Amino acid sequence: MSAEAAQTDTFDLVILGAGTGGYSAAFRAAQLGLSVALVDRDRIGGTCLHRGCIPTKAMLESADLLDRIGRAGAYGVSVEGGATGDPAAIAERRTQIVERLHKGLLSLVRKHKVSYIRGRGRLEGATTIRVATIDDQDQPSGERLLRSRDTILATGSRVKSLPGLVPDGKRIVTSDDVLRSADLPGSVAVIGAGAVGLEFASYYRDLGADVTILEYLPAVAPLEDADVSKELEKALARRGIRIVTSARFDPAAVRVDDSGVHILVGPDGQEPSELVVERLLVAAGRAANTEDVGLETTKAVVERTIVKVDAHMQTAEPHLYAIGDVIGGLWLAHVAAHEGICAVHHIAGAESEPVDYLRMPRATYSRPQVASIGRTQAECERDGIPFKVGRVPFQAIAKALIAGEHEGFAKVIAHAETDEILGVHMIGGHVTELIAEASASMLFEATALDVGAAVHPHPTLSEILGEAAMNVHGRSINF
Ligand SMILES: Cc1cc2nc3c(=O)[nH]c(=O)nc-3n(C[C@H](O)[C@H](O)[C@H](O)COP(=O)(O)OP(=O)(O)OC[C@H]3O[C@@H](n4cnc5c(N)ncnc54)[C@H](O)[C@@H]3O)c2cc1C
(Lines give C-alpha, C1' and ligand atoms only; values in the text may rest on other atoms or scores of the structure.)
Protein backbone atom coordinates (compact mmCIF):
# COMPACT_ATOMS: atom_id res chain seq x y z
CA MET A 1 0.00 0.00 0.00
CA SER A 2 1.40 3.44 -0.82
CA ALA A 3 2.03 6.11 1.81
CA GLU A 4 -0.87 8.13 0.39
CA ALA A 5 -3.32 5.25 0.70
CA ALA A 6 -2.52 4.57 4.36
CA GLN A 7 -4.95 5.99 6.91
CA THR A 8 -3.20 8.84 8.75
CA ASP A 9 -3.92 9.68 12.37
CA THR A 10 -2.36 12.22 14.69
CA PHE A 11 -1.76 11.84 18.43
CA ASP A 12 0.14 13.73 21.10
CA LEU A 13 2.18 10.59 21.77
CA VAL A 14 2.72 7.34 19.92
CA ILE A 15 4.40 4.47 21.75
CA LEU A 16 5.88 1.60 19.77
CA GLY A 17 5.82 -1.55 21.89
CA ALA A 18 3.20 -2.44 24.52
CA GLY A 19 5.32 -4.28 27.06
CA THR A 20 5.62 -3.14 30.67
CA GLY A 21 7.50 -0.01 29.62
CA GLY A 22 5.14 0.89 26.78
CA TYR A 23 1.82 0.36 28.54
CA SER A 24 2.99 2.06 31.76
CA ALA A 25 4.02 5.10 29.71
CA ALA A 26 0.71 5.04 27.82
CA PHE A 27 -1.46 4.95 30.95
CA ARG A 28 0.53 7.70 32.66
CA ALA A 29 0.40 9.87 29.53
CA ALA A 30 -3.38 9.42 29.37
CA GLN A 31 -3.64 10.42 33.05
CA LEU A 32 -1.77 13.61 32.12
CA GLY A 33 -4.31 14.35 29.38
CA LEU A 34 -2.31 13.35 26.29
CA SER A 35 -3.93 11.56 23.36
CA VAL A 36 -2.01 8.30 23.05
CA ALA A 37 -1.62 5.50 20.52
CA LEU A 38 0.01 2.29 21.73
CA VAL A 39 1.25 -0.01 18.96
CA ASP A 40 2.22 -3.66 19.26
CA ARG A 41 2.50 -6.49 16.75
CA ASP A 42 1.44 -8.84 19.53
CA ARG A 43 -0.86 -8.86 22.52
CA ILE A 44 -0.47 -6.09 25.09
CA GLY A 45 1.83 -7.08 27.96
CA GLY A 46 5.10 -7.83 26.18
CA THR A 47 7.80 -10.15 27.41
CA CYS A 48 7.04 -9.78 31.11
CA LEU A 49 3.41 -10.84 30.89
CA HIS A 50 3.55 -13.40 28.12
CA ARG A 51 7.09 -14.83 28.11
CA GLY A 52 8.81 -13.59 31.26
CA CYS A 53 8.09 -12.48 34.80
CA ILE A 54 4.52 -13.69 35.16
CA PRO A 55 4.49 -17.20 33.65
CA THR A 56 7.82 -18.06 35.30
CA LYS A 57 6.67 -16.89 38.72
CA ALA A 58 3.44 -18.86 38.34
CA MET A 59 5.51 -22.01 37.67
CA LEU A 60 7.85 -21.25 40.58
CA GLU A 61 4.88 -20.82 42.91
CA SER A 62 3.77 -24.37 42.06
CA ALA A 63 7.33 -25.61 42.59
CA ASP A 64 7.46 -23.85 45.93
CA LEU A 65 4.21 -25.45 47.06
CA LEU A 66 5.51 -28.83 46.00
CA ASP A 67 8.62 -28.27 48.07
CA ARG A 68 6.60 -27.23 51.11
CA ILE A 69 4.29 -30.21 50.83
CA GLY A 70 7.38 -32.40 50.55
CA ARG A 71 8.50 -30.98 53.89
CA ALA A 72 5.04 -31.13 55.47
CA GLY A 73 6.13 -33.82 57.92
CA ALA A 74 8.52 -31.34 59.53
CA TYR A 75 5.52 -29.13 60.33
CA GLY A 76 3.62 -32.02 61.89
CA VAL A 77 1.39 -32.40 58.86
CA SER A 78 1.12 -35.73 57.10
CA VAL A 79 0.30 -35.81 53.43
CA GLU A 80 -0.83 -39.26 52.36
CA GLY A 81 1.14 -40.59 49.43
CA GLY A 82 3.28 -37.44 49.06
CA ALA A 83 2.91 -34.83 46.35
CA THR A 84 3.93 -34.74 42.72
CA GLY A 85 4.01 -31.87 40.25
CA ASP A 86 1.83 -32.11 37.16
CA PRO A 87 3.58 -30.00 34.50
CA ALA A 88 0.45 -29.83 32.33
CA ALA A 89 -1.68 -28.53 35.21
CA ILE A 90 1.07 -26.10 36.20
CA ALA A 91 1.15 -24.82 32.61
CA GLU A 92 -2.64 -24.49 32.62
CA ARG A 93 -2.59 -22.42 35.80
CA ARG A 94 0.23 -20.31 34.32
CA THR A 95 -1.91 -19.61 31.25
CA GLN A 96 -4.95 -18.69 33.33
CA ILE A 97 -2.96 -16.14 35.33
CA VAL A 98 -1.49 -14.61 32.17
CA GLU A 99 -4.93 -14.44 30.54
CA ARG A 100 -6.47 -12.78 33.56
CA LEU A 101 -3.76 -10.13 33.68
CA HIS A 102 -4.04 -9.64 29.93
CA LYS A 103 -7.76 -8.95 30.27
CA GLY A 104 -6.94 -6.49 33.05
CA LEU A 105 -4.58 -4.60 30.75
CA LEU A 106 -7.20 -4.46 27.99
CA SER A 107 -9.69 -2.96 30.41
CA LEU A 108 -7.08 -0.38 31.48
CA VAL A 109 -6.56 0.52 27.80
CA ARG A 110 -10.30 1.23 27.59
CA LYS A 111 -10.36 3.08 30.92
CA HIS A 112 -7.54 5.39 29.86
CA LYS A 113 -8.94 5.79 26.32
CA VAL A 114 -5.63 4.77 24.80
CA SER A 115 -5.83 3.82 21.10
CA TYR A 116 -4.38 0.30 20.96
CA ILE A 117 -3.24 -0.56 17.45
CA ARG A 118 -2.22 -4.11 16.55
CA GLY A 119 0.55 -4.12 13.99
CA ARG A 120 4.24 -4.01 13.23
CA GLY A 121 5.51 -0.46 13.37
CA ARG A 122 8.50 1.27 11.85
CA LEU A 123 9.74 4.77 12.49
CA GLU A 124 9.84 7.12 9.52
CA GLY A 125 11.72 9.92 11.23
CA ALA A 126 11.26 10.70 14.90
CA THR A 127 7.54 11.44 14.94
CA THR A 128 5.96 9.25 12.27
CA ILE A 129 5.33 5.53 12.54
CA ARG A 130 4.09 3.39 9.69
CA VAL A 131 2.14 0.43 11.00
CA ALA A 132 1.39 -2.73 9.02
CA THR A 133 -1.79 -3.57 10.91
CA ILE A 134 -2.87 -7.04 12.02
CA ASP A 135 -6.47 -8.10 12.66
CA ASP A 136 -7.93 -10.26 15.45
CA GLN A 137 -7.20 -13.39 13.38
CA ASP A 138 -3.52 -12.39 13.20
CA GLN A 139 -3.87 -11.56 9.50
CA PRO A 140 -2.41 -8.47 7.77
CA SER A 141 -5.21 -5.90 7.59
CA GLY A 142 -3.71 -2.79 6.01
CA GLU A 143 -1.51 0.11 6.88
CA ARG A 144 -1.75 3.17 9.10
CA LEU A 145 0.47 6.19 9.35
CA LEU A 146 0.65 7.59 12.87
CA ARG A 147 1.98 11.09 13.40
CA SER A 148 2.71 12.52 16.79
CA ARG A 149 4.35 15.35 18.67
CA ASP A 150 6.46 12.83 20.57
CA THR A 151 7.30 9.15 20.17
CA ILE A 152 8.52 6.53 22.62
CA LEU A 153 10.36 3.48 21.37
CA ALA A 154 9.66 0.54 23.70
CA THR A 155 10.19 -2.48 21.48
CA GLY A 156 11.88 -4.52 24.21
CA SER A 157 14.06 -7.53 23.66
CA ARG A 158 14.10 -11.14 22.52
CA VAL A 159 15.92 -14.32 23.50
CA LYS A 160 19.40 -14.76 22.17
CA SER A 161 21.67 -17.76 21.94
CA LEU A 162 25.43 -18.24 21.80
CA PRO A 163 27.41 -18.11 18.55
CA GLY A 164 26.98 -21.39 16.68
CA LEU A 165 24.32 -22.76 19.05
CA VAL A 166 20.94 -22.78 17.34
CA PRO A 167 17.94 -23.59 19.55
CA ASP A 168 15.63 -26.09 17.85
CA GLY A 169 12.79 -25.57 20.33
CA LYS A 170 12.85 -29.23 21.35
CA ARG A 171 16.23 -30.33 22.69
CA ILE A 172 17.99 -26.99 22.70
CA VAL A 173 15.50 -24.49 24.01
CA THR A 174 15.10 -20.90 25.17
CA SER A 175 12.84 -19.48 27.88
CA ASP A 176 10.24 -18.77 25.16
CA ASP A 177 10.13 -22.47 24.25
CA VAL A 178 9.80 -23.60 27.87
CA LEU A 179 6.97 -21.15 28.46
CA ARG A 180 5.11 -22.44 25.40
CA SER A 181 5.29 -26.07 26.51
CA ALA A 182 4.24 -28.19 29.45
CA ASP A 183 6.68 -31.05 29.35
CA LEU A 184 9.26 -31.95 31.94
CA PRO A 185 12.66 -33.33 30.91
CA GLY A 186 14.44 -35.85 33.13
CA SER A 187 17.69 -33.93 32.90
CA VAL A 188 18.49 -30.34 31.97
CA ALA A 189 21.60 -28.27 31.53
CA VAL A 190 21.04 -24.54 31.91
CA ILE A 191 23.51 -22.18 30.29
CA GLY A 192 23.69 -18.99 32.32
CA ALA A 193 23.32 -18.45 36.06
CA GLY A 194 21.63 -15.05 35.85
CA ALA A 195 18.07 -14.61 37.12
CA VAL A 196 16.37 -16.41 34.22
CA GLY A 197 18.70 -19.44 34.26
CA LEU A 198 18.57 -19.75 38.04
CA GLU A 199 14.79 -19.60 38.13
CA PHE A 200 14.35 -22.36 35.56
CA ALA A 201 17.07 -24.46 37.22
CA SER A 202 15.26 -24.11 40.54
CA TYR A 203 11.89 -25.01 38.97
CA TYR A 204 13.17 -28.08 37.15
CA ARG A 205 14.95 -29.34 40.26
CA ASP A 206 11.81 -29.01 42.39
CA LEU A 207 9.90 -30.95 39.76
CA GLY A 208 12.45 -33.76 40.01
CA ALA A 209 14.82 -33.22 37.07
CA ASP A 210 18.60 -33.63 37.25
CA VAL A 211 19.91 -30.10 36.78
CA THR A 212 23.33 -28.77 35.82
CA ILE A 213 24.06 -25.05 35.64
CA LEU A 214 26.86 -23.89 33.35
CA GLU A 215 28.07 -20.37 34.08
CA TYR A 216 30.91 -18.73 32.17
CA LEU A 217 31.75 -16.35 35.04
CA PRO A 218 33.30 -17.57 38.31
CA ALA A 219 30.07 -17.26 40.35
CA VAL A 220 26.35 -17.91 40.12
CA ALA A 221 24.22 -14.74 40.17
CA PRO A 222 27.46 -13.01 39.14
CA LEU A 223 26.08 -9.48 39.41
CA GLU A 224 25.03 -9.92 43.03
CA ASP A 225 27.13 -9.23 46.12
CA ALA A 226 29.82 -11.93 46.36
CA ASP A 227 28.54 -13.12 49.77
CA VAL A 228 25.11 -13.74 48.28
CA SER A 229 26.51 -15.56 45.24
CA LYS A 230 28.53 -17.87 47.48
CA GLU A 231 25.56 -18.62 49.74
CA LEU A 232 23.34 -19.26 46.74
CA GLU A 233 25.82 -21.64 45.18
CA LYS A 234 25.97 -23.65 48.42
CA ALA A 235 22.18 -23.69 48.78
CA LEU A 236 21.63 -24.86 45.19
CA ALA A 237 24.30 -27.53 45.58
CA ARG A 238 22.49 -28.76 48.73
CA ARG A 239 19.39 -29.16 46.58
CA GLY A 240 21.36 -31.46 44.30
CA ILE A 241 21.92 -28.98 41.48
CA ARG A 242 25.30 -29.47 39.85
CA ILE A 243 27.05 -26.15 39.24
CA VAL A 244 29.96 -25.54 36.91
CA THR A 245 31.26 -21.98 37.25
CA SER A 246 34.02 -20.63 34.96
CA ALA A 247 32.47 -23.15 32.56
CA ARG A 248 34.17 -23.47 29.19
CA PHE A 249 32.63 -25.19 26.18
CA ASP A 250 32.33 -24.61 22.48
CA PRO A 251 28.68 -23.78 21.75
CA ALA A 252 29.16 -24.68 18.10
CA ALA A 253 30.32 -28.18 19.09
CA VAL A 254 27.13 -29.03 21.02
CA ARG A 255 25.71 -32.17 19.41
CA VAL A 256 22.21 -33.60 19.46
CA ASP A 257 21.37 -37.25 18.80
CA ASP A 258 18.81 -39.79 19.98
CA SER A 259 20.55 -40.14 23.34
CA GLY A 260 20.32 -36.42 24.11
CA VAL A 261 22.28 -33.20 23.92
CA HIS A 262 26.05 -33.69 24.24
CA ILE A 263 28.17 -30.87 25.65
CA LEU A 264 31.91 -31.07 26.19
CA VAL A 265 32.35 -28.87 29.21
CA GLY A 266 34.74 -28.25 32.03
CA PRO A 267 35.79 -25.52 34.40
CA ASP A 268 38.39 -23.16 32.95
CA GLY A 269 41.82 -24.80 32.83
CA GLN A 270 40.57 -28.35 33.33
CA GLU A 271 40.10 -31.18 30.87
CA PRO A 272 36.46 -31.04 29.62
CA SER A 273 34.15 -33.99 30.18
CA GLU A 274 31.01 -34.92 28.28
CA LEU A 275 27.69 -33.94 29.75
CA VAL A 276 24.65 -35.61 28.18
CA VAL A 277 21.23 -34.17 28.99
CA GLU A 278 17.70 -34.47 27.64
CA ARG A 279 17.35 -30.72 27.35
CA LEU A 280 19.70 -27.77 27.04
CA LEU A 281 18.20 -24.44 28.10
CA VAL A 282 20.04 -21.41 26.79
CA ALA A 283 19.58 -18.52 29.22
CA ALA A 284 22.55 -16.48 28.06
CA GLY A 285 20.96 -13.05 27.86
CA ARG A 286 18.67 -11.01 25.65
CA ALA A 287 19.02 -8.99 22.45
CA ALA A 288 17.41 -5.56 22.17
CA ASN A 289 14.78 -5.16 19.41
CA THR A 290 16.42 -2.19 17.76
CA GLU A 291 16.91 -3.49 14.24
CA ASP A 292 14.17 -3.09 11.70
CA VAL A 293 12.28 -0.43 13.66
CA GLY A 294 13.45 2.46 11.47
CA LEU A 295 15.99 3.96 13.85
CA GLU A 296 18.23 4.66 10.87
CA THR A 297 15.66 7.23 9.70
CA THR A 298 16.30 9.24 12.87
CA LYS A 299 19.30 10.87 14.52
CA ALA A 300 19.05 8.54 17.54
CA VAL A 301 22.40 7.01 18.46
CA VAL A 302 22.52 3.22 18.66
CA GLU A 303 25.63 1.62 20.12
CA ARG A 304 25.98 -2.15 19.93
CA THR A 305 22.20 -2.47 19.43
CA ILE A 306 21.39 -0.32 22.51
CA VAL A 307 19.67 3.06 22.06
CA LYS A 308 21.49 5.87 23.84
CA VAL A 309 19.29 8.15 25.96
CA ASP A 310 19.81 10.97 28.46
CA ALA A 311 18.54 11.12 32.04
CA HIS A 312 15.00 11.81 30.75
CA MET A 313 15.04 8.93 28.24
CA GLN A 314 15.43 11.36 25.34
CA THR A 315 17.43 10.14 22.35
CA ALA A 316 19.56 12.45 20.19
CA GLU A 317 16.21 13.35 18.55
CA PRO A 318 14.42 15.71 20.97
CA HIS A 319 10.98 14.21 20.21
CA LEU A 320 12.03 10.55 20.23
CA TYR A 321 12.39 8.80 23.58
CA ALA A 322 13.43 5.20 24.28
CA ILE A 323 12.70 3.11 27.37
CA GLY A 324 12.98 -0.43 28.71
CA ASP A 325 15.11 -3.23 27.37
CA VAL A 326 16.00 -1.28 24.19
CA ILE A 327 18.17 1.03 26.29
CA GLY A 328 19.95 -1.85 28.04
CA GLY A 329 20.99 -1.54 31.66
CA LEU A 330 19.07 -3.69 34.12
CA TRP A 331 16.60 -5.35 31.70
CA LEU A 332 13.83 -5.47 34.31
CA ALA A 333 10.11 -4.83 34.04
CA HIS A 334 9.77 -2.35 36.90
CA VAL A 335 12.76 -0.45 35.53
CA ALA A 336 11.07 -0.24 32.10
CA ALA A 337 7.90 1.06 33.77
CA HIS A 338 9.79 3.75 35.70
CA GLU A 339 11.67 4.80 32.59
CA GLY A 340 8.33 5.07 30.76
CA ILE A 341 6.87 7.31 33.45
CA CYS A 342 10.04 9.42 33.51
CA ALA A 343 9.84 9.92 29.71
CA VAL A 344 6.15 10.83 29.81
CA HIS A 345 6.65 13.37 32.59
CA HIS A 346 9.36 15.03 30.53
CA ILE A 347 7.16 15.01 27.43
CA ALA A 348 4.19 16.47 29.30
CA GLY A 349 6.29 19.09 31.05
CA ALA A 350 5.43 17.59 34.44
CA GLU A 351 8.01 17.30 37.20
CA SER A 352 10.46 14.67 35.97
CA GLU A 353 12.91 12.94 38.26
CA PRO A 354 15.72 11.14 36.39
CA VAL A 355 15.65 7.38 36.97
CA ASP A 356 18.10 6.44 39.72
CA TYR A 357 19.43 3.02 38.77
CA LEU A 358 21.12 2.57 42.15
CA ARG A 359 17.66 2.57 43.70
CA MET A 360 16.24 -0.13 41.45
CA PRO A 361 15.59 -3.40 43.25
CA ARG A 362 16.68 -6.66 41.58
CA ALA A 363 15.05 -10.00 42.32
CA THR A 364 15.68 -13.64 41.50
CA TYR A 365 12.88 -16.08 42.36
CA SER A 366 14.96 -19.24 42.72
CA ARG A 367 14.82 -21.18 45.99
CA PRO A 368 16.33 -19.59 48.00
CA GLN A 369 15.35 -16.24 46.56
CA VAL A 370 17.80 -13.40 46.06
CA ALA A 371 16.96 -9.70 46.23
CA SER A 372 19.17 -6.65 46.27
CA ILE A 373 19.35 -2.93 45.76
CA GLY A 374 22.16 -0.40 45.55
CA ARG A 375 25.87 -1.06 45.61
CA THR A 376 27.58 -4.35 46.33
CA GLN A 377 30.50 -4.47 48.74
CA ALA A 378 32.90 -4.94 45.81
CA GLU A 379 31.50 -1.82 44.11
CA CYS A 380 32.02 0.23 47.28
CA GLU A 381 35.59 -1.05 47.48
CA ARG A 382 36.20 -0.34 43.79
CA ASP A 383 34.82 3.20 44.08
CA GLY A 384 36.69 3.95 47.31
CA ILE A 385 33.49 4.61 49.25
CA PRO A 386 34.01 4.16 53.01
CA PHE A 387 31.40 1.69 54.25
CA LYS A 388 30.29 -0.45 57.17
CA VAL A 389 28.43 -3.74 56.95
CA GLY A 390 25.70 -5.29 59.06
CA ARG A 391 24.76 -8.90 58.42
CA VAL A 392 22.18 -11.07 60.15
CA PRO A 393 21.22 -14.66 59.29
CA PHE A 394 17.59 -15.77 59.00
CA GLN A 395 18.46 -18.31 61.74
CA ALA A 396 18.23 -15.38 64.17
CA ILE A 397 14.73 -14.42 63.06
CA ALA A 398 11.92 -16.21 64.90
CA LYS A 399 9.49 -16.07 61.97
CA ALA A 400 12.02 -17.74 59.67
CA LEU A 401 12.14 -20.70 62.03
CA ILE A 402 8.33 -20.72 62.29
CA ALA A 403 8.07 -20.64 58.48
CA GLY A 404 10.64 -23.39 58.21
CA GLU A 405 12.76 -21.21 55.91
CA HIS A 406 15.84 -20.18 57.79
CA GLU A 407 18.51 -20.35 55.07
CA GLY A 408 20.22 -17.14 54.07
CA PHE A 409 20.82 -13.68 55.46
CA ALA A 410 20.39 -9.96 55.01
CA LYS A 411 23.37 -7.70 54.54
CA VAL A 412 23.15 -3.93 54.84
CA ILE A 413 25.96 -1.71 53.58
CA ALA A 414 25.96 1.82 54.96
CA HIS A 415 28.26 4.79 54.37
CA ALA A 416 30.90 4.78 57.10
CA GLU A 417 30.57 8.54 57.69
CA THR A 418 26.99 9.51 56.84
CA ASP A 419 25.41 6.12 57.70
CA GLU A 420 23.24 6.40 54.54
CA ILE A 421 22.20 3.02 53.18
CA LEU A 422 24.34 2.21 50.13
CA GLY A 423 23.12 -1.30 49.42
CA VAL A 424 20.98 -4.13 50.76
CA HIS A 425 21.57 -7.74 49.76
CA MET A 426 19.32 -10.58 50.82
CA ILE A 427 19.08 -14.28 50.24
CA GLY A 428 16.39 -16.52 51.69
CA GLY A 429 12.65 -17.12 51.72
CA HIS A 430 10.42 -14.24 50.56
CA VAL A 431 13.29 -11.75 50.22
CA THR A 432 11.83 -10.58 46.89
CA GLU A 433 9.00 -9.13 48.99
CA LEU A 434 11.26 -7.82 51.77
CA ILE A 435 13.45 -5.77 49.42
CA ALA A 436 10.63 -3.24 48.91
CA GLU A 437 11.35 -1.80 52.35
CA ALA A 438 14.98 -1.26 51.37
CA SER A 439 13.76 0.46 48.19
CA ALA A 440 11.56 2.88 50.18
CA SER A 441 14.41 3.46 52.66
CA MET A 442 16.86 4.33 49.90
CA LEU A 443 14.31 6.62 48.21
CA PHE A 444 14.11 8.62 51.43
CA GLU A 445 17.90 8.50 51.85
CA ALA A 446 17.49 6.68 55.15
CA THR A 447 20.45 5.85 57.35
CA ALA A 448 21.04 2.42 58.83
CA LEU A 449 19.93 3.83 62.18
CA ASP A 450 16.67 5.09 60.58
CA VAL A 451 15.91 1.64 59.18
CA GLY A 452 16.72 0.06 62.52
CA ALA A 453 14.52 2.60 64.31
CA ALA A 454 11.50 1.74 62.13
CA VAL A 455 9.46 -0.78 64.11
CA HIS A 456 9.12 -4.18 62.46
CA PRO A 457 6.26 -6.28 63.79
CA HIS A 458 7.24 -9.42 65.68
CA PRO A 459 7.38 -12.16 64.62
CA THR A 460 7.81 -11.33 60.93
CA LEU A 461 10.49 -11.94 58.34
CA SER A 462 10.67 -8.16 57.91
CA GLU A 463 12.55 -7.97 61.20
CA ILE A 464 15.67 -9.12 59.42
CA LEU A 465 16.19 -5.76 57.70
CA GLY A 466 15.87 -3.80 60.96
CA GLU A 467 18.25 -6.21 62.66
CA ALA A 468 20.81 -6.11 59.84
CA ALA A 469 20.64 -2.30 59.77
CA MET A 470 21.25 -2.14 63.54
CA ASN A 471 24.02 -4.70 63.13
CA VAL A 472 25.90 -2.05 61.11
CA HIS A 473 26.36 -0.38 64.52
CA GLY A 474 26.76 -3.59 66.51
CA ARG A 475 23.29 -3.01 67.93
CA SER A 476 21.18 -5.91 66.61
CA ILE A 477 19.19 -7.38 69.46
CA ASN A 478 18.66 -10.94 68.25
CA PHE A 479 22.07 -11.62 66.73
C1 LIG B 1 12.03 -15.62 31.39
C2 LIG B 1 12.06 -14.17 31.83
C3 LIG B 1 11.71 -13.86 33.12
C4 LIG B 1 11.73 -12.53 33.54
N5 LIG B 1 11.40 -12.26 34.83
C6 LIG B 1 11.41 -10.97 35.27
C7 LIG B 1 11.02 -10.65 36.60
O8 LIG B 1 10.67 -11.51 37.38
N9 LIG B 1 11.03 -9.35 36.97
C10 LIG B 1 11.42 -8.35 36.12
O11 LIG B 1 11.43 -7.20 36.51
N12 LIG B 1 11.78 -8.63 34.84
C13 LIG B 1 11.78 -9.91 34.40
N14 LIG B 1 12.13 -10.19 33.10
C15 LIG B 1 12.53 -9.07 32.22
C16 LIG B 1 11.29 -8.30 31.71
O17 LIG B 1 10.41 -9.20 31.09
C18 LIG B 1 11.71 -7.23 30.73
O19 LIG B 1 12.73 -6.43 31.31
C20 LIG B 1 10.54 -6.32 30.37
O21 LIG B 1 9.53 -7.09 29.77
C22 LIG B 1 10.99 -5.21 29.43
O23 LIG B 1 9.89 -4.44 29.09
P24 LIG B 1 9.88 -3.59 27.75
O25 LIG B 1 8.60 -2.81 27.80
O26 LIG B 1 11.14 -2.88 27.57
O27 LIG B 1 9.83 -4.66 26.55
P28 LIG B 1 8.99 -5.96 26.24
O29 LIG B 1 8.25 -6.43 27.41
O30 LIG B 1 9.91 -6.89 25.56
O31 LIG B 1 7.89 -5.43 25.21
C32 LIG B 1 8.22 -4.98 23.94
C33 LIG B 1 7.00 -5.08 23.05
O34 LIG B 1 7.30 -4.47 21.81
C35 LIG B 1 6.68 -5.20 20.78
N36 LIG B 1 7.39 -4.91 19.52
C37 LIG B 1 8.69 -5.11 19.24
N38 LIG B 1 8.97 -4.67 18.00
C39 LIG B 1 7.82 -4.17 17.50
C40 LIG B 1 7.47 -3.57 16.26
N41 LIG B 1 8.36 -3.34 15.29
N42 LIG B 1 6.19 -3.19 16.09
C43 LIG B 1 5.26 -3.39 17.06
N44 LIG B 1 5.55 -3.94 18.23
C45 LIG B 1 6.81 -4.33 18.46
C46 LIG B 1 6.79 -6.63 21.24
O47 LIG B 1 5.78 -7.42 20.61
C48 LIG B 1 6.57 -6.50 22.74
O49 LIG B 1 5.22 -6.67 23.10
C50 LIG B 1 12.10 -11.50 32.64
C51 LIG B 1 12.43 -11.82 31.32
C52 LIG B 1 12.41 -13.13 30.92
C53 LIG B 1 12.75 -13.45 29.49
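The basis for the numbers below is simple: all heavy atoms, side chains too, and nothing from hydrogens, waters or symmetry mates. We count ligands from 1, going down the list as the structure has it; atoms in each ligand are counted the same way. This one's a predicted model, so the numbers in the text were calculated from it and none came from an experiment.
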* **All ring-ring contact (aromatic ring centres under 6.0 Å, His included) counterparts of Phe27, not counting sequence neighbours** =>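 Scan of Phe27 (ring-ring contact (aromatic ring centres under 6.0 Å, His included), adjacent residues dropped) gives Tyr23, His112.
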Checklist entry - Quick one: does Arg367's side chain get under 4.5 Å of Asp64's, heavy atoms only? => result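 Contact flag for Arg367/Asp64 side chains = yes.
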Looking at Glu296, I want to see if its CD is surrounded by more than 12 non-hydrogen atoms of other residues, nucleotides or ligands under 6.0 Å.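 It does: Glu296 CD has more than 12 such atoms within range.
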**Report entry** Spatial distance of atom SG (Cys342) from atom NE2 (His312) [nearest 0.5 Å]
**Finding:**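 Rounded to the nearest 0.5 Å, the SG-NE2 separation comes out at 6.5 Å.
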Distance check, rounded to the nearest 0.5 Å: Thr245 atom OG1 versus Tyr216 atom OH?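 Atom-to-atom, Thr245:OG1 and Tyr216:OH are 13.0 Å apart.
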Cationic N near anionic O, under 4.0 Å, Asp9 to Arg144: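 Salt bridge: yes.
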**Study point:** Close-range residues for ligand 1, whose non-hydrogen atoms fall below the 4.0 Å threshold
**Key:**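 Lining ligand 1 at under 4.0 Å, by heavy atoms, one finds Leu16, Gly17, Ala18, Gly19, Thr20, Gly21, Gly22, Asp40, Arg41, Asp42, Gly46, Thr47, Cys48, Arg51, Gly52, Cys53, Thr56, Lys57, Gly119, Arg120, Gly121, Ala154, Thr155, Gly156, Ser157, Ser175, Val196, Arg286, Val293, Gly324, Asp325, Trp331, Leu332, Ala333, His334, Ala336, Tyr365.
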